[in-house]
Amino acid sequence: MTEPLVVVDGLSVDFTTRHGPVRAVRDVSLTLRAGECLAVVGESGSGKSVTARTLLGLAGQGADVRARTLSFAGHDLRRLGARQWRRLRGRQVGYVLQDALTSLDPLRRIGYEVAEPLEVHGLATRDDLDDQVVGLLAEVGIPDPEVRLLQYPHELSGGLRQRALIASAIAARPRLLIADEPTTALDVTVQAQVLDVLAARRDAGTALLLISHDLAVVARLADHVAILYAGTVVEQGPAAELLAAPAHPYTADLLAAVPSVEGPVPDLSGLRSAPAAQEGCPYAPRCPLADDRCRERLPEALPYDTGRLVRCWYPGGAPASVPGERSAVPVVPARAEPVLTVRGLTKRFRSPDGSHRTAVDDVSFDLAAGEALGIVGESGSGKSTTARIVLAEFEPDAGSVLLHGEPWSGLRERDRRARRSRIQLVDQDPLSSFDPRYTVEEVVAEALPRTRDRGERVAELLGQVGLDPAILRRRPGQLSGGQRQRVAIARALAPGPDVLVCDEPVSALDVTVQAQILTLLTRLRRDAGVSLLFISHDLGVIRQVCDRVAVMKDGKVVETGQVETVFRAPQATYTRALLAAVPRIGPGPRVPARPRVPEPVPVTDLKGPT
Amino acid sequence: MTAPALARPYRKVRPGLWAAWAFLALVCCAALFPALFAGAPDQVDATAVLRGPGAGHPFGTDQLGRDILARVVYGARASLFVGLGSTLLAGAVGSAWGLLAALGGRAVGEAAMRLADILLAFPGILTALLVVAVLGPGTRNATLAITIALAPGFARIVRVQALVVRDSAYVRAAINLGLRPWRILRRHIVPNVLAPLLILATLNVGTAIIAGASLSFLGLGPRPPAPEWGSMLAQARNYLDVSWTLALFPGAAITLTVMSATAAGRALQARYERREP
Amino acid sequence: TRGGDRPATQAAANAAGAPVTGGTLTYAVAGTQVSLDPAVAATAVTGLIDRNIFDSLVAQTGPDSFGPWLAKEWKVSDDGKVYTFTLREGVTFHDGTPLTAQAVKASLDHVVDPATKSAYAASLIAPYKEARAVSDLVVEVTLSRPFTPFLQALSVPYLGIQSPAALAKPVAEYRPVGTGPFSYVSWEKDKRVTLKRNPGYAATPAGASHQGAAYLDGLVFEFVSEDATRYGALTSGQVQAIAGVPPVNADKLKALSGFTLDTQETPGLNYNLYLNQTRGPLRDVRVRRALSASVNVEELIRSIYFGHYKAARNPLSATTAAYDVGAESELASYNPTEAARLLDEAGWKEKDKDGYRVKDGKRLTLVWPFWAEGNKDQRDVLAEGIQAQAKLVGIQIDRPTVDTGAFVSKHLIGGGYDLIDVSFARPTPDVLRFAFASGNTYAKAGGNVALVDSPEIDKWVEEAAETSDPETARRDYAAVQKEVLKQAYVLPLYTPVQLVGLSGKVRGVTFDAQTYPVFHGAWLGA
Amino acid sequence: MPPLARWLARRLALTLFVLWGTATLAFAGMRLVPGDPAHVIAGGVQANATPEVLETIRAQYGLHDPLPVQYAIFIGRLVRADLGESYQLNQPVSTVVLEQLGATVSLAAGAAVLGFTLALVLALLTAGRPRAGALTRALEFCAISTPNFWIGILLLGAFSFSLNWFPVLGEDGPRALVLPWITLALPIAGVLAQITREGLERALGQPFTLTARSRGATENRIRLRHALRHAALPVLTLSGWALGELLAGVVVVETVFARQGLGQVVVSAVNGRDFPVVTGVVVLAALTFSVINTGLDLLYRVVDPRVRQAAL
Ligand SMILES: Nc1ncnc2c1ncn2[C@@H]1O[C@H](COP(=O)(O)OP(=O)(O)OP(=O)(O)O)[C@@H](O)[C@H]1O
Ligand SMILES: Nc1ncnc2c1ncn2[C@@H]1O[C@H](COP(=O)(O)OP(=O)(O)OP(=O)(O)O)[C@@H](O)[C@H]1O
Ligand SMILES: [Mg+2]
Ligand SMILES: [Mg+2]
Ligand code: NI
């Protein structure tokens with residue numbers, strides 16, 4: 001093996017904030033060699049980005065960085081002055097920030113952004129700058145680079161933006177490339193392409209530090225994986241072994257929570273959520289194995305198996321989550337009356353340039369009582385628009401929606417109002433759907449009829465969605481993402497609806513929280529007998545909750561059927577491509593860089609990721 | 001998943017803010033109960049003209065031998081009356097106007113906003129000047145003039161805010177719940193539009209006080225002998241060479257009041273924004 | 001009548017050394033003007049500037065005496081209606097037109113022509129009927145009735161003799177062209193008027209300190225309305241002379257080396273407060289006298305004007321002919337006890353919670369409109385003092401701010417006021433007729449703003465205006481002064497004073513009967 | 001570029017509408033005033049015009065016509081860019097305005113340049129530097145809270161009367177303009193500096209700044225090439241307001257420094273009910289403002305590509 005390029009030993013980063021110190025990273029040790037990919041995985045707030053930024057000397061304002069060793073190519077990073085840091089950044093270490101939407105300067109052309117490292121480090125003359133940028137854009141698989149060069153970030157789709165950002169990061173041919181959540185918020189097909197670009201760099205000998213909260217993404221690229229929990233590396237080791245046989249209970253839970261499109265649907269009802277502990281093992285509050293020792297003392301990183309390190313008193317002791325067959329999902333009697341009948345929905349929108357674009361095109365489906373219908377499709381395929389027509393937020397241009405066989409679309413709002421409570425919505429972003437001035441209690445209570453026992457009903461509903469009544473007086477802004485989504489579900493359930501429309505209800509949540517919400521929805525369906533119209537771009541998620549699925553592309557439903565049937569034997573080519581692009585955590589060697597696939601993103605697609 | 005939270009530098013509780021609140025309270029007291037702080041503001045004393053600060057007259061005396069302290073104290077009323085009165089009125093008129101423009105249908109909305117465009121087409125003081133030209137000078141008319149100058153700005157902001165709120169996810173949620181439009185308007189739209197407006201209004205009090213003082217400086221506000229800071233400054237201009245206290249104290253009173261009001265408004269705003277997620 | 005005594009006071013008594021020719025003098029004046037045509041404009045500034053451009057037919061040489069100027073001599077008919085003037089020979093206007101009887105006729109006709117929209121000049125010669133050129137240099141003016149103040153009127157700049165050629169031009173192209181020591185160069189609106197020397201000047205008025213062309217090459221009138229700024233401009237050397245030195249700065253200026261202060265008391269009507277005797281509480285002479293007695297004019301004037309303005313005790317300025325010293329015994333001078341007694345007697349016994357007197361549930365409130373544009377000399381401050389003092393005896397004085405239109409139509413013409421303040425500079429006792437004759441209300445283009453309607457006063461002023469006996473006139477005028485003070489139609493405040501600030505370099509500035517500075521003999525020393 | 005053309009056409013229509021509206025409001029306002037303008041035209045108080053003279057004037061200025069007729073005549077003239085003749089000055093309004101325009105423009109333009117520069121420099125130097133910012137922040141706050149006539153009075157007292165550094169009076173030469181410029185510039189500089197700094201700080205906290213840093217860009221490069229553009233957006237939005245404040249300040253500052261200019265014209269016209277002049281200045285102000293705002297919006301579109309394809 002070659003000399004390690006990056007050596008991090010005992011790194012701790014603390015922040016001073018208004019609410020006291022935040023220990024973002026605690027005692028993290030990592031090494032990375034040229035041509036290798038190290039993946040850092042963990043849920044939101046676990047310290048992934050801070051760790052990465054420390055390697056660039058950009059930990060942030062008020063950061064207190066301590067380490068026993070912090071070296072890059074043999075240079076002690078702790079001793080660098082401002083000027084030396086600048087020489088390192090971009091030149092030696094390329095950084096792809098998470099969220100390409102805001103990481104490119106919206107007021108500057110793509111070409112400028114890509115060229116900046118070259119300019120800063122004096123690597124290009126004025127004349128060949130454009131050529132170099134075009135080359136870089138082509139290298140990351142951006143079609144028509146000469147055109148893209150002159151465009152602004154908002155004129156590019158999410159995938160293209162992400163690739164432009166990568167192009168900028170690799171412009172100066174750095175020896176280390178840090179990619180911070182490079183595929184979050186991208187459609188699976190686009191995600192696959194971006195990963196290919198990164199794989200190509202790795203294969204070209206660049207060391208790759210890949211940051212993700214998604215184990216499935218990591219599985220495709222990483223040689224080594226480090227699992228971060230609350231700022232601590234709880235487990236690290238070679239990717240294949242670690243994923244095949246997680247040693248830390250957290251890793252095990254994480255793996256189990258990843259919804260997959262194949263294999264058994266796991267029963268996740270045992271997953272717990274609790275804030276990380278400050279003392280002892282941070283995972284102890286959530287760990288099924290935790291005992292007093294765990295709560296008192298955090299173990300050292302102990303060797304485990306071959307070349308692995310685990311910080312757990314009971315490494316490998318976690319019970320592999322029991323794969324319960326789909327027993328949790330109630331099977332709908334075939335003769336059930338449709339609650340919702342959707343026929344030939346069509347909706348056109350005017351684009352700013354005056355042209356019309358069909359967002360929903362002749363969509364029809366039925367939803368039976370107690371049934372769960374999933375709608376999948378890439379971004380912009382018309383899923384949300386369909387949902388909003390079903391909710392009668394606006395009228396379709398053609399087609400109709402029937403509720404319990406009676407007209408629902410095409411009415412005056414006044415005539416619909418009494419039946420509004422029959423259909424409720426759970427949104428991707430619950431926070432904005434709460435009046436900022438309302439407390440949790442008021443939010444839920446508003447959905448209830450004004451009766452004497454309203455207070456009790458609120459408490460009951462919160463119990464139903466697994467929330468502590470202690471949060472009644474809080475405002476939604478003070479809740480975690482998972483809690484907010486539970487409040488939203490409680491509110492949606494309050495009027496006793498027949499249909500619950502869920503538009504990407506979990507796509508903003510960490511996998512474990514996501515798993516909990518999905519379990520909750522499944523349970524509610526069983527207990528309350530509501531039908532679900534479940535929208536997601538994530539096939540695994542759909543599979544976990546739904547009986548039937550409708551696949552949408554460009555406003556049309558290209559395929560419908562029972563979930564298992566569709567996923568096992570997709571008929572439409574689009575469905576097949578979609579399934580093929582889904583990253584899988586499988587045993588076996590890491591995937592080599594695939595040959596570049598043809599660009600599927602149309603040049604005219606200006607829509608960003610949702 | 002989220003952009004790195006580059007936390008803003010930590011802000012301490014500033015003593016300046018406390019001073020601002022205290023000073024505001026003082027000014028309000030002076031406006032309400034001037035007699036507690038000073039003697040008569042219009043008592044002429046020909047034997048003690050243009051005295052510097054000293055015993056009996058802590059701020060000195062003016063060209064008629066009147067006590068400057070008393071005049072500054074009594075002047076608080078006019079300034080606050082103009083500042084608060086016009087802001088409140090403009091806030092009320094502007095809110096109704098903006099809400100109407102946002103929620104009152106296309107034709108009404110267009111008409112309301114075009115009227116605002118016209119009034120906003122030139123600087124506020126010019127509008128105020130014109131209004132004073134029509135109505136004639138005086139405290140009440142100056143207040144009205146500033147109201148008319150401020151209201152279209154408020155209307156525009158209220159309209160934008162009302163549109164944002166109207167299209168917000170939580171109003172959508174309320175519609176989904178089958179709530180009646182009137183209830184949604186009352187419980188969701190109006191409060192969420194007015195909360196930021198109230199803060200904006202607080203920030204505007206200072207502007208209105210300055211505008212009021214400017215009008216009376218130009219001789220279009222309250223008339224002497226009624227004590228008023230702007231007109232005191234206008235008269236003081238003639239004595240720059242002789243007595244510095246004459247210009248200093250009313251001017252400082254304006255600056256400090258405006259500063260305090262603005263600081264208080266900003267503090268409220270910061271609090272409001274922090275409360276938002 | 002002819003007079004010969006030296007009229008104008010000699011300023012800069014230290015005018016040592018021989019006069020030097022050359023240089024430009026900049027004189028900063030307050031206010032601005034709307035027209036340079038003296039026949040059109042009424043403002044003092046126009047008079048001041050035009051005095052240097054235009055000569056008059058006659059020159060006022062004393063309170064009641066006149067000397068030759070453009071008219072070398074004149075005759076008045078026995079009935080006092082026909083004036084025959086013989087002009088000087090060889091005088092030419094700045095544009096080369098010779099001065100003839102026709103020119104005089106054209107000038108006077110121009111003044112009374114309604115198209116001219118004369119703001120003031122026409123009212124000075126209201127009885128003017130016609131002028132006739134008897135010969136080239138003899139002009140005969142006919143009046144509709146005898147009018148003694150006619151000569152005085154002719155002596156003011158507003159009736160300066162203008163070039164007929166210039167007057168023949170369209171109004172838009174008007175340029176002031178006269179025969180005076182300076183000729184017009186340019187007028188930058190609201191900024192300045194520039195004049196240059198008339199090298200061929202010879203038509204000096206009687207009593208002039210200097211003969212022939214002016215010493216100064218140029219004369220610039222700079223308009224600076226802000227008192228403090230004007231003062232600052234003098235002390236910082238930006239201008240050589242200013243009008244209206246703020247009294248508050250006057251002592252300081254005197255003390256400053258290199259500067260002099262020249263004080264000129266203005267003749268005519270003092271700055272007086274007129275009490276509208278036709279309206280409300282002021283119909284009662286006791287209330288009028290009470291108001292008069294409630295104000296300590298002496299003390300107010302002293303403190304506001306630092307002793308540079310004199311408190312007045314007579315509607316007429318002491319420098320006016322027929323000024324009667326004895327009249328002031330009739331003045332209800334400061335005596336708050338007496339004021340209170342008079343008010344009690346008049347039925348204003350009770351006081352309300354604000355300390356104002358009430359009668360039949362009505363408060364003793366007087367309206368004194370404030371016309372901001374007319375404000376100068378800190379008169380607003382003085383009014384504040386008067387308000388404060390009247391309050392002490394229980395009289396409320398309201399000062400609503402009014403604009404010009406409303407001031408004229410609602411107040412001056414409509415009579416919607418109780419008090420009004422005016423000063424009126426004109427060096428003749430005939431101003432008493434202007435101010436108190438019943439036929440001279442503002443609505444009838446007069447100055448009787450107290451709306452005095454007294455047959456006696458009317459009789460006195462008419463007699464004085466028409467008589468040719470100076471003694472009768474004097475007696476009549478004295479009677480008027482006594483009567484208006486006794487009736488308290490008027491509360492004299494102060495005698496306006498021209499406080500002219502001069503840089504020490506400026507020499508030889510004199511003042512005419514109207515107390516306008518005359519620059520004919522001025523020169524700039526080292 | 002058709003969208004731009006369409007946008008400009010809409011702006012033009014809006015401008016015309018606003019001009020008509022302001023003119024109409026001014027007309028209505030001035031006609032609501034009690035009092036007979038004939039007296040003003042005749043020369044005001046001292047004129048003491050006779051009824052005949054007044055009658056001539058009323059006839060000449062059409063004051064006898066019914067209001068709709070007067071309004072129609074007024075609008076008709078306005079369309080031909082004829083603002084009528086001043087009541088007080090016996091001159092065409094356009095002449096009055098043009099004569100004074102230069103003085104006002106040089107005052108306002110200089111102050112604008114000074115104010116914007118000051119704001120920019122202060123903000124660039126202190127953004128994201130709390131220690132350096134504290135003092136300037138306090139000073140800006142003072143400047144914002146102080147009416148500019150008081151600033152003017154203080155400056156005049158200190159630098160002209162006491163120290164004699166600047167002329168008390170003077171129409172010509174930049175030396176006489178220094179104090180008025182400062183007086184006008186300080187309050188808007190205070191506001192703009194705060195806005196700019198806030199914009200800079202917000203931009204400096206954005207991920208793209210972090211990206212730029214991660215490329216090795218220097219602090220200056222980040223501030224000038226990235227953050228400044230972003231800070232320019234709110235500043236542009238506020239520039240219309242700031243310029244308006246400036247024009248409004250002109251009215252007061254001209255009074256304080258006894259300068260001639262449009263501000264003085266308008267104040268004396270308002271006081272003297274010189275209706276044509278008031279209307280003229282108001283229409284001119286509305287026009288200037290519309291032009292400035294259109295220019296600013298155009299500039300905004302140049303700086304921010306995102307709004308380019310958005311409609312008006
Ligand atoms: N500049 C800062 N000041 C204060 N706290 C910070 C700062 N930057 C990060 N933190 C805190 O440090 C912790 C780790 O943050 P980090 O951004 O590394 O999380 P992450 O694992 O990247 O999460 P995500 O998946 O949401 O991006 C969080 O609790 C965060 O709030
Ligand atoms: N109000 C609207 N006005 C104009 N176009 C719209 C509007 N709403 C949606 N669209 C367009 O309609 C198309 C479908 O949008 P929709 O939001 O239904 O997609 P989606 O499948 O929900 O995508 P995502 O996964 O990104 O949420 C998109 O191209 C979108 O730009
Ligand atoms: Mg992160
Ligand atoms: Mg969607
Ligand atoms: Ni003295």
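Just so we're on the same page: letters track the sequence lines, and every chain starts at 1.
Separation of atoms CZ (Arg172(B)) and CG (Leu391(A)) is listed at 8.0 Å; rounding is to 0.5 Å. Interatomic distance, CD of Glu393(A) versus CD1 of Ile175(B), reported as 7.5 Å (0.5 Å rounding). The OH atom of Tyr170(B) sits 11.5 Å away from the CD atom of Glu446(A) when rounded to the nearest 0.5 Å. One finds the CG atom of Leu177(B) at 9.0 Å from the CG atom of Leu448(A) (value rounded to the nearest 0.5 Å).
Residue contact with chain B, scored on non-hydrogen atoms closer than 4.5 Å, is absent for Gln478(A). The contact between Tyr438(A) and chain B is made entirely by side chain atoms (from C-beta outward), counting heavy-atom distances below 4.5 Å. At a 4.5 Å heavy-atom cutoff, the contact between Arg187(B) and chain A is made by backbone and side-chain atoms alike. Within the 4.5 angstrom heavy-atom criterion, no atom of Arg419(A) approaches chain B. With a threshold of 4.5 angstrom between heavy atoms, Asp427(A) approaches chain B through side-chain atoms but not through N, CA, C or O.
Ranked by heavy-atom pairs under 4.5 Å with chain A, the list Ala173(B), Pro191(B), Ser168(B) is led by Pro191(B).
With Gln424(A) contributing its side chain and Asn176(B) its backbone, the two residues share a donor-acceptor pair below 3.5 Å.
More than 12 heavy atoms of other residues, nucleotides or ligands shown are found within 6.0 angstrom of CZ on Arg183(B). Taking a 6.0 Å sphere around CZ of Arg186(B), one finds it holds more than 12 heavy atoms contributed by other residues, nucleotides or ligands.
Pro181(B) places a side-chain heavy atom less than 4.5 Å from the side chain of Arg417(A).
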